[in-house]
Amino acid sequence: MAVVPGGPRSRPAAGAQFFCTAGRGLEPFLMREVRERLAATQVEYISGKVFFTTCSDLNMLKQLKSAERLFLLIKKQLPFPVSSVSKGKIFNELQRLINDDPESWMNAISIWKNLLELDAKKEKLSHKNANPLKRKVGEDDITAKKLKTEQIQELQETKECQLEKQIEEKILEQGNFITEEEKFQELQNDVTEAVDTRNQTNLTFRVSCRCSGAISKTLTAQEVGRVIGIALMKQFGWKADLRNPNLEIFIHLSDIYSVLGIPVFRVPLACRAYIKTAGLRSTIAWAMASLAEIKDVYYMGADVSDSQLSGAYDNLKAAGLKDKIELLKVSVIELPLPSESVDIIISDIPFGKKFKLGKDIKRTLQEMERVLRVGGTIVLLLSEDHHRHLKGGEASSGPLNSQGGHTEEPGGEECLTPAEKAAVSEPVSSSFAASNQECLDRMPPLGSLVPVDCYRVSLGKTDALISKYKKSYSPGR
């Protein structure tokens with residue numbers, strides 16, 4: 001980091017650098033969001049990650065809706081060569097990530113602590129001013145869910161990316177033995193002690209790491225974590241704690257980059273506390289809504305399934321929106337609405353796995369077309385089968401755009417195209433625009449509905465398309 005923060009302030013030091021992980025295909029949405037929401041500069045992307053610089057505080061950073069996780073950037077550099085060097089040579093290069101530039105590490109830690117300290121003070125002030133008599137019903141349930149989510153996340157990350165027992169053995173060799181009593185005492189530390197900016201040698205840490213591409217055939221994540229962990233202990237005197245560390249270091253080594261960062265929040269941004277009944281991934285839902293460009297409107301939700309409506313109502317209640325969105329039990333092919341009475345339609349079309357749709361997709365779109373006003377917008381989440389049916393032929397053998405890769409989360413996998421490898425620091429304008437146009441060229445008009453935007457995104461084990469249409473005229477006139 002180029003800037004060393006001083007004392008407490010209302011926002012991170014000018015030029016603080018961050019990166020977010022994102023689902024495949026959501027990078028353009030995230031890039032647009034950090035620019036608009038955070039006034040971010042130096043916005044760049046690689047598959048599954050978006051880098052940016054901002055002066056926004058944690059309250060603003062928490063508002064990001066298209067990101068999976070948020071990290072404070074420590075280092076980003078070219079990949080390690082693995083074809084012509086020995087494993088020992090690679091280990092030496094890994095150690096140099098810490099030893100050659102300790103100042104950047106200390107600067108990043110200072111910024112991280114400053115962020116947490118300010119956030120803790122705001123939380124304390126908020127709780128102090130809050131009236132306990134006005135506590136919302138169900139708040140305990142939401143808090144419990146957040147804690148459970150955090151516990152699950154920690155267990156998964158520890159299982160997949162934790163430092164092996166060699167680190168603890170190394171600690172014993174160095175005389176840094178931590179007794180059970182001392183571990184218990186550490187858990188009782190106050191938040192301000194955990195973010196004490198005056199002393200950076202009392203930190204406990206763990207390393208979460210990923211290796212993908214060629215380097216994953218040479219090194220395991222455990223080997224990388226062990227080397228990085230031992231180097232951090234020697235350089236800074238930190239102590240390893242795999243269960244409840246003050247600090248987590250995330251490292252990802254791939255064929256196109258090496259990146260190190262600090263998770264800003266333990267619970268991913270994509271885990272919304274108000275979502276009590278799981279449905280469509282929150283980041284995908286937000287991307288669809290942002291593409292629709294919703295303004296001041298009257299909201300309606302419709303589904304033919306009682307269970308889906310019940311889950312939607314629970315989520316609206318938890319989010320405090322039950323009085324702002326009306327839910328209707330109706331069939332999507334028989335909407336009880338006048339023709340040309342709706343401005344925007346957003347729909348996650350059933351993929352046919354849990355809810356059957358078959359070839360009724362055309363009837364569904366015809367009914368949506370009927371109720372949509374001229375100039376109105378439809379945003380759909382379509383499966384590849386839907387896309388094939390709408391084209392009236394077989395699915396294309398190639399991708400609809402060039403956005404490869406998967407969510408860059410520990411435990412995931414990466415698949416990058418040559419075009420993306422060349423676009424490591426390329427702004428969004430050219431690469432994504434080209435892939436978006438390729439997608440649009442393959443989308444025929446649907447009656448009066450003209451394709452405007454199309455993005456291929458990952459839903460985990462399957463892919464889907466976020467497709468935007470505009471109604472160009474009134475049929476029959």
Side-chain angles (χ1 to χ4, degrees), residues 25 28-29 32 65-66 279-280 284-305 308-309 312-313 315-316 321 324-352 355-392 400 436-437 439-457 464-477:
F29 295 95
R32 189 179 304 122
K65 301 299 184 183
S66 52
L280 182 64
I284 297 289
W286 187 90
M288 294 175 67
S290 67
L291 198 59
E293 301 178 285
I294 301 173
K295 298 181 180 179
D296 296 330
V297 295
Y298 173 75
Y299 295 93
M300 279 173 124
D303 204 290
V304 75
S305 166
Q308 294 297 301
L309 290 171
Y313 180 80
N315 290 339
L316 291 178
L321 298 173
K324 296 184 178 181
I325 300 178
E326 182 179 0
L327 298 179
L328 302 177
K329 183 181 178 181
V330 297
S331 170
V332 72
I333 59 176
E334 295 180 6
L335 296 173
L337 299 171
S339 297
E340 301 188 8
S341 61
V342 175
D343 295 295
I344 296 172
I345 298 175
I346 302 174
S347 180
D348 171 12
I349 302 293
F351 281 21
F355 299 98
K356 300 299 181 182
L357 183 66
K359 297 184 179 180
D360 284 345
I361 176 110
K362 291 188 176 180
R363 291 181 60 194
T364 299
L365 290 182
Q366 287 171 354
E367 180 66 354
M368 291 181 178
E369 180 185 24
R370 180 187 70 81
V371 301
L372 189 70
R373 70 170 179 82
V374 176
T377 299
I378 292 182
V379 177
L380 304 173
L381 186 67
L382 302 171
S383 69
E384 297 204 40
D385 283 343
H386 293 151
H387 185 75
R388 183 178 68 249
H389 288 313
L390 292 177
K391 288 176 63 178
L400 293 176
N436 186 32
Q437 186 59 48
C439 179
L440 288 174
D441 290 343
R442 302 188 184 188
M443 292 173 58
L446 303 173
S448 65
L449 302 178
V450 178
V452 177
D453 279 310
C454 179
Y455 298 86
R456 188 185 185 97
V457 296
L465 296 98
I466 299 178
S467 302
K468 178 179 179 179
Y469 298 85
K470 286 277 190 180
K471 186 171 181 177
S472 60
Y473 62 89
S474 179
R477 291 187 182 180

Report yes if some heavy atom in the side chain of L291 is under 4.5 Å from a heavy atom in the side chain of Y455; otherwise report no. yes

Between H386 and P350, is there a donor-acceptor pair closer than 3.5 Å when you use the side chain of the first and the backbone of the second? yes

Under 3.5 Å, is there a donor-acceptor pair linking the side chains of S448 and K471? no

Just checking, any donor-acceptor pair under 3.5 angstrom between side chains of E369 and Y469? no

Passes salt bridge (charged side-chain N to carboxylate O under 4.0 Å, His left out), R370 versus E334? Steps please. CA-CA 10 Å; R370 180 187 70 81; E334 295 180 6; over 6 Å; no

Nearest heavy-atom neighbours spanning V374 and S472: CG1-O, 3.9 Å

Among residues at least two apart in sequence or on other chains, which ones pass salt bridge (Lys or Arg N to Asp or Glu O under 4.0 Å) with D348? none

Go through V297 and Y299 one step at a time and tell me if the side chain to side chain contact (heavy atoms under 4.5 Å, CB included) criterion holds. CA-CA 6 Å; V297 295; Y299 295 93; 3.5 Å; yes

L372 versus I378: any side-chain heavy-atom pair under 4.5 Å? yes

Could you check if a side-chain atom of T377 sits within less than 4.5 angstrom of a side-chain atom of D343, using non-hydrogen atoms only? no

Is there a side chain to side chain contact (heavy atoms under 4.5 Å, CB included) between K324 and L321 once you walk through the steps? CA-CA 5 Å; K324 296 184 178 181; L321 298 173; 3.9 Å; yes

Among residues at least two apart in sequence or on other chains, which ones pass salt bridge (Lys or Arg N to Asp or Glu O under 4.0 Å) with E293? K468

Is any side-chain heavy atom of I294 closer than 4.5 Å to a side-chain heavy atom of I344? yes

Short N-O contact, K329 and D303, less than 4.0 angstrom: no

Would a 4.5 Å heavy-atom cut-off, applied to side chains only, mark V342 and R373 as touching? no

Minimum side-chain heavy-atom gap F29-K65 below 4.5 Å: no

Would you check, one step at a time, whether the test side chain to side chain contact (heavy atoms under 4.5 Å, CB included) holds for L380 with L365? CA-CA 10 Å; L380 304 173; L365 290 182; 3.3 Å; yes

Heavy atoms, side chains only, cut-off 4.5 Å: are L280 and L381 in contact? yes

4.5 Å side-chain heavy-atom contact, M368 and V332: yes

